[in-house]
Amino acid sequence: MRVLLVEDDLSSVGEITQIMKGAGFTVDHVQSGEEAVEMLRHYDYDLAVLELMLSDIEGYEVVRRARAARVTTPMVVLSGLTRPQAKVKAFSIGADDYMTKPFDPDELVARMQAILRRSKGFSEPTLRVGPLKLSLDSREVMVNESPVHLTGKEYAILELLVLRKGMVLTKDAFLNHLYGGMDEPEMKIIDVFICKLRKKLQAAGAGNLITTVWGRGYMLREQLQRLETNEASAPVERQETVAA
């Protein structure tokens, strides 16, 4: 998932970014609160992690302005401020979690994943769609309890589709998710990734979970396979009725 890191201590940025990328997150970094507000307003991030003590405006103000602009991106405060009042204030203006520095890397990742799951409507780290099972923690994919081997890009696309099940995702959204605006290839590469992903899932017995919404993009729809089965049996039922 794509994360916005708001941190002006450059000595901490490298460490935090490495931890997040190691857990499979795509990370964008800004140093100032003003930049953070603009990025949150204009880009669809899955999560924001921010320091409170920034060089221009406080992290509190970033959260306040974002919420006032109806930005629903979950926000985790990662700050050196440890007093209870700081935490209470952060939660009261719209922060979703609060961690103090120094922090445990595994705990940070676990909290980020938990918030992401809840924000997408999932309560467990293992996401299920029909016969498909996807583990956010281990990044493993299984169909009917058998493993499906995906490339990094294929997994990232499937993860995004599962977390946003029922939503149409444009090719621009996939490119932004995979490359974060850096060295993006041609848009048709998304069609290639989707085609390979579909073949692997179908070969494993998942059916056609990924549907094309012409002129708009792609969507993962759990009921698609069931609808196709019903439609296939419909002509037989009609013939029996006529014969009677």
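The neighbour count for Q202 CD, taken as heavy atoms of other residues, nucleotides or ligands under 6.0 Å away, is above 12.
Considering only residues two or more places apart in sequence or on other chains, R64 meets the salt bridge (charged side-chain N to carboxylate O under 4.0 Å, His left out) condition with E61. Partners of S146 under the side chain to side chain contact (heavy atoms under 4.5 Å, CB included) rule, at least two apart in sequence or in another chain, do not exist in this structure. Taking the salt bridge (charged side-chain N to carboxylate O under 4.0 Å, His left out) definition, one finds that E159 meets it with nothing, sequence neighbours left out. With sequence neighbours excluded, no residue satisfies side-chain hydrogen bond (donor to acceptor under 3.5 Å, both in side chains) with K153. The side chain to side chain contact (heavy atoms under 4.5 Å, CB included) search around D56 returns S32, E34, L54, not counting sequence neighbours. In this structure S135 satisfies the side-chain hydrogen bond (donor to acceptor under 3.5 Å, both in side chains) test together with S138, sequence neighbours excluded. Under the side chain to side chain contact (heavy atoms under 4.5 Å, CB included) criterion, Q113 pairs with F25, V109, R117, D137, not counting sequence neighbours. In this structure K188 satisfies the side chain to side chain contact (heavy atoms under 4.5 Å, CB included) test together with E186, D191, sequence neighbours excluded. For the side-chain hydrogen bond (donor to acceptor under 3.5 Å, both in side chains) test, no residue two or more places apart in sequence or in another chain qualifies with K87. With sequence neighbours left out, S119 forms a side-chain hydrogen bond (donor to acceptor under 3.5 Å, both in side chains) with no residue at all.
A distance-only check finds no donor-acceptor pair linking the side chain of K200 to the backbone of L150 [under 3.5 Å].
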May I have the list of side-chain donor-acceptor pairs in residues 37-46 shorter than 3.5 Å, sequence neighbours left out?
{"from": "E38", "atom 1": "OE2", "to": "R41", "atom 2": "NH1", "distance (Å)": "3.3"}
{"from": "H42", "atom 1": "ND1", "to": "E38", "atom 2": "O", "distance (Å)": "2.8"}
{"from": "D44", "atom 1": "OD2", "to": "R164", "atom 2": "NH1", "distance (Å)": "2.9"}
{"from": "Y45", "atom 1": "OH", "to": "D28", "atom 2": "OD2", "distance (Å)": "2.8"}
{"from": "D46", "atom 1": "OD1", "to": "K120", "atom 2": "NZ", "distance (Å)": "3.2"}
{"from": "D46", "atom 1": "OD1", "to": "R164", "atom 2": "NH2", "distance (Å)": "2.6"}
{"from": "D46", "atom 1": "OD2", "to": "R2", "atom 2": "N", "distance (Å)": "3.0"}

Give every donor-acceptor pair under 3.5 Å between a side-chain atom in residues 94-107 and any protein atom, sequence neighbours left out.
{"from": "D96", "atom 1": "OD2", "to": "R67", "atom 2": "NH2", "distance (Å)": "3.0"}
{"from": "D96", "atom 1": "OD2", "to": "M75", "atom 2": "N", "distance (Å)": "2.8"}
{"from": "D97", "atom 1": "OD1", "to": "R111", "atom 2": "NH1", "distance (Å)": "3.0"}
{"from": "Y98", "atom 1": "OH", "to": "L81", "atom 2": "O", "distance (Å)": "2.7"}
{"from": "K101", "atom 1": "NZ", "to": "E7", "atom 2": "OE1", "distance (Å)": "2.6"}
{"from": "K101", "atom 1": "NZ", "to": "E51", "atom 2": "OE1", "distance (Å)": "2.8"}
{"from": "D104", "atom 1": "OD2", "to": "D106", "atom 2": "N", "distance (Å)": "3.2"}
{"from": "D104", "atom 1": "OD2", "to": "E107", "atom 2": "N", "distance (Å)": "3.0"}
{"from": "E107", "atom 1": "OE2", "to": "R111", "atom 2": "NE", "distance (Å)": "3.0"}
{"from": "E107", "atom 1": "OE2", "to": "R111", "atom 2": "NH2", "distance (Å)": "2.7"}

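Looking only at atom types and distance, the side chain of T170 has no donor-acceptor partner in the side chain of D172 under 3.5 Å away.
A salt bridge links E145 with K133: at least one charged nitrogen is closer than 4.0 Å to a carboxylate oxygen.
No continuous path of hydrophobic side-chain contacts links V76 to V6 [ILVMFWY only; heavy atoms under 4.5 Å].
Annotation for T73 and A48: closest pair CG2-N, 3.9 Å, computed over non-hydrogen atoms.
Residues F174 and M187 have side chains not in contact (no heavy-atom distance under 4.5 Å, counting atoms from C-beta outward). Within the 4.5 Å cutoff, no side-chain heavy atoms of L161 are placed close to those of V129.
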